Each structure stands twice: as structure tokens, then as C-alpha cells.
Peer 1: 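Sending over a structure as C-alpha cells; questions will come in a sec.
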Protein chains: 2
Amino acid sequence: MSSRLDRVDLKILRLLQNNGRLSNAELAGTVAISPATCHRRTQRLFEDGFIAAVRAMVAPKKVAKGTLVMVGVVLDRSTPESFAIFEQAIAKLKFVLDCHLVAGDFDYFLKIRVGDMEDFNRIHGEQLIALPGVRQTRTFFVMKEVVDNAPLEF
Amino acid sequence: MSSRLDRVDLKILRLLQNNGRLSNAELAGTVAISPATCHRRTQRLFEDGFIAAVRAMVAPKKVAKGTLVMVGVVLDRSTPESFAIFEQAIAKLKFVLDCHLVAGDFDYFLKIRVGDMEDFNRIHGEQLIALPGVRQTRTFFVMKEVVDNAPLEF
DNA sequence: CTAATAGCGGAAGTATCTTCCATGTCGTCA
DNA sequence: TGACGACATGGAAGATACTTCCGCTATTAG
């Protein structure tokens, strides 16, 4: 929490969110401060945890991960132990992009990327329903990605 | 689709996915090729669209967006026109991170980031249920983010 | 076997990064 | 009001990295 962000910090954050490979010189120029100051500001944003990471967004279709699936999961029992075991197991499944414990008709919501439907069916049968404590799953195939992973507005 | 990715390309992609600010020299050193070759490879990965963007991941809690909500949406009518109008409208809502047309009990799934529950209630009442063609929404508050936006495995 | 093509790494000029330091600004306290 | 302290800023400079050019090698096709 801690330190406040002034107008300059916000500008840097937004610029790096749009293009994480901007050079310090380019940043400084756009924000209209000296490279030295910009360097210190940016460094602080990293050190203080405002920027968790900088990631290249790999185009899913280019690497045979063009199919997106949302899955609702219901567990057998709603005990803390069941949740912990489930979460531990799902962290190992690399095709799971999101896994959120939610309030409502499901216990967890998953966002999964796979190559195609056939790929998903195999994964669903071999890995998802085999997860510890899973009573049922409900699959929502994504037919159109209207907005995917939009940058955070702040 | 087009051009193939060899072992070196994959390494570069994975490294940049983990740290998008790696310098060309660091990349080259890790992948064990010359800076010149590495520069050419990386440039091609961008030009050919394998890397859609490089983004700084801003920590949501640090910028008052610590509350995550999943929302299922059902429209009044399932006509192409209804879908188009809805999608056009939702693209303007900056707090919507994901919006996917799905097959199943809902028409759309939304992933939304807001400051807190109060914030969400206001947005839900003023903006979500006011979207064109919305019959009903079902809200799933996220109580725990087990995995959020994990890097793509390929 | 020869030639064409594509990819590689070395080299060098240019640009950038990163640190140090002097200067300036703001707020506090005497 | 004035002096002081804490902090942030920008300039400068050595070290580093970027980007392009060019010659070399390997692979493929004829």
C-alpha cells in the first residue's frame, strides 16, 4: 500500500502497461522528465511492487492454444481441507490460466487454454474430473473472445 | 500460422514471457547465441505476431482494484444483432477484463475488477444491468484468487 | 559438384543505461 | 522571517547495450 503515486508515476505505469519494452529514454521523453529521474521512478515502481511483472503476451493461436474454455467446479465437501487439497492440485495444471474460489453456485471457476475441443475433452476426462474432491464440473466453451485480458484501468 | 518456431525461438518466447524487460544481451547470453542473431530472432517474433504485446502487470491491490468478480450474463434474445449490440456496449466498460461469448447456461461470461463490493454494487446497478438486451446477470464474487492470469504454457 | 539461399557471429558507430553529484524545492522549527 | 533538513531533480560521464553491415558457413536445390 504505502507510498502514493503522483501524476508522473501513473503516467509511467500506464505507458509500461501498454508497452513494457519502452526504453528509459523513451519513457522519460514521453513523461517529460529527465532520464535519471525517470530511471529512479521506474525502479521504485518495481521495488514497491506496483509492477508485479512484465510479460510478453504470446499469441495463443500461434502456439496451438487457440481454444478457450471456462469451467465451473463443485467439490464434494466444502471444508477448508478439501479446498486446500484441490488448490494444491490445480496449481500444477499448466493449462489453467485462472482459478478462483467464488461465492455462488460453484466453488471454483477455471479459465483454461487448450489446442482444440478434442484436446479439452482428453484433459477434462483425464485430469479435471480426476482432481481431488471434485463432484461435478460444468463446461462453457468460449465461442468468441470479445475481450480477453484487457489492461487494467486505474 | 506460417513460419515454424525452432528450439531457440521457443526459448526466447518463454524468457520474454517471464521477463519482458530482458535486454537483448541477456537474452542472447541465456539462449547461447550472438546478440546480433538474438536481435533478429526477437524482431521476427514481434513482426510475425507471436508476441502480441509486452505488458507491465500492475498489481491490482496497489491501484485500488483488488476485488475480482465473475459475472454470467443472459440476454433477452439470442440474435446476432443482440449479440453485436451487447458486445459493442461492453467494449466501452473499462473495468471489464474478460468478456467471452460462451455455450451453455449463459450467453456471456465477464471478469471484472473493481475497488470493493460497494464499488461493484454501484457498477452492477448503474452499468451492467443497463447494458442493451440484458435479461439477467449472475454474480460470483471471488473470495480467493488461487491462480490469476497465469503465463501461457506451450 | 556447383550455385543459390538463408542464417550465423564479429565488429563498430551510435544510442542508452546507470550512477554520482550539485542544485533546487518544500516543509518544519526556532 | 530565516535557517535547516529531507527529498527530488537534472546534468554529466563512464560503462554497457543496441543495431546494422559484412563476410563466413551450412544447407538445399539443380
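So that the names make sense, note that chain A is the first sequence line, chain B the second, and so on, each numbered from 1. Note that this is a predicted model, so its numbers are computed, not measured.
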Peer 1: Which nucleotide, C/dC8, C/dT16, D/dG10, lies nearest any side-chain atom of A/T37?
Peer 2: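 That would be D/dG10.
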Peer 1: Of A/P35 and B/I33, whose nearest nucleotide on DNA chain C comes first from the 5' end?
Peer 2: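 On the 5' side of the pair lies B/I33.
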Peer 1: How many whole angstroms separate atom CD of B/E26 from atom C1' of D/dT16?
Peer 2: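 So the two atoms are 11 Å apart, to the nearest Å.
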Peer 1: Measure CG/B/L27 against P/C/dG9 and give the value in whole Å, please.
Peer 2: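 Result: 14 Å.
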Peer 1: Is there a side-chain contact between B/Q136 and B/V73 in this structure, where contact means two heavy atoms from C-beta onward sitting under 4.5 Å apart?
Peer 2: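 Side chain of B/Q136 against side chain of B/V73, heavy atoms only: no contact under 4.5 Å found.
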Peer 1: Which nucleotide, D/dC18, D/dT9, C/dC8, lies nearest any side-chain atom of B/R40?
Peer 2: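 From the listed options, C/dC8 comes nearest.
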Peer 1: Can you tell me the distance, in whole Å, between the NE2 atom of B/H39 and the P atom of D/dA17?
Peer 2: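 Interatomic distance, NE2 of B/H39 to P of D/dA17: 15 Å.
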Peer 1: From C-beta outward on A/Q43, which listed nucleotide comes closest to its side chain: C/dC17, C/dT19, D/dT19?
Peer 2: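 The nucleotide sitting nearest to the side chain is C/dT19.
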Peer 1: Measure CZ/B/R7 against P/C/dG7 and give the value in whole Å, please.
Peer 2: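 After rounding, the gap between these two atoms is 18 Å.
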Peer 1: Just verifying a value: how many Å separate B/R77 CZ and B/R135 CZ, rounded to the nearest 0.5 Å?
Peer 2: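 Rounded to the nearest 0.5 Å, the CZ-CZ separation comes to 10.0 Å.
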Peer 1: Looking only at the side chain of B/S34 (C-beta and beyond, no hydrogens), which of the listed nucleotides D/dA17, C/dC17, C/dG10 gets closest?
Peer 2: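 Among D/dA17, C/dC17, C/dG10, the one nearest the side chain of B/S34 is C/dG10.
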Peer 1: Between C/dT25 atom C1' and A/D6 atom CG, what is the distance in whole Å?
Peer 2: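 In whole Å, C/dT25 C1' lies 15 Å from A/D6 CG.
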Peer 1: I need the B/R55 CZ to B/N149 CG distance, nearest 0.5 Å.
Peer 2: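 Answer for the CZ-CG pair, B/R55 versus B/N149, is 8.5 Å.
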Peer 1: Rounded to the nearest angstrom, tell me the gap between atom CZ in A/R4 and atom P in D/dA8.
Peer 2: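 Value for this atom pair: 15 Å.
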Peer 1: How many Å lie between CG on B/L22 and P on C/dC17, as a whole number?
Peer 2: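 Interatomic distance, CG of B/L22 to P of C/dC17: 15 Å.
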Peer 1: Between C/dT19, D/dA17, D/dA8, which nucleotide gets closest to the side-chain atoms of B/A25?
Peer 2: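 The answer is D/dA17, which lies nearest to the side chain.
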Peer 1: Name the one of B/D119, B/D98, B/D148 that satisfies salt bridge (charged side-chain N to carboxylate O under 4.0 Å, His left out) with B/R113?
Peer 2: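 That would be B/D148; it is the only one of B/D119, B/D98, B/D148 passing the salt bridge (charged side-chain N to carboxylate O under 4.0 Å, His left out) with B/R113.
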Peer 1: Does the Lys NZ or Arg CZ of A/R14 fall within the cation-pi geometry relative to A/F154 - under 6.0 Å from the ring centre and within 45° of the axis?
Peer 2: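 That pair qualifies as a cation-pi contact.
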Peer 1: With a cut-off of less than 4.0 Å, is there a side-chain N or O of B/S23 near OP1 or OP2 of D/dT16?
Peer 2: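 For D/dT16, neither OP1 nor OP2 has a side-chain N or O of B/S23 closer than 4.0 Å.
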Peer 1: Which whole-number value in Å describes the distance from A/R41 CZ to D/dA8 P?
Peer 2: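 That distance rounds to 8 Å.
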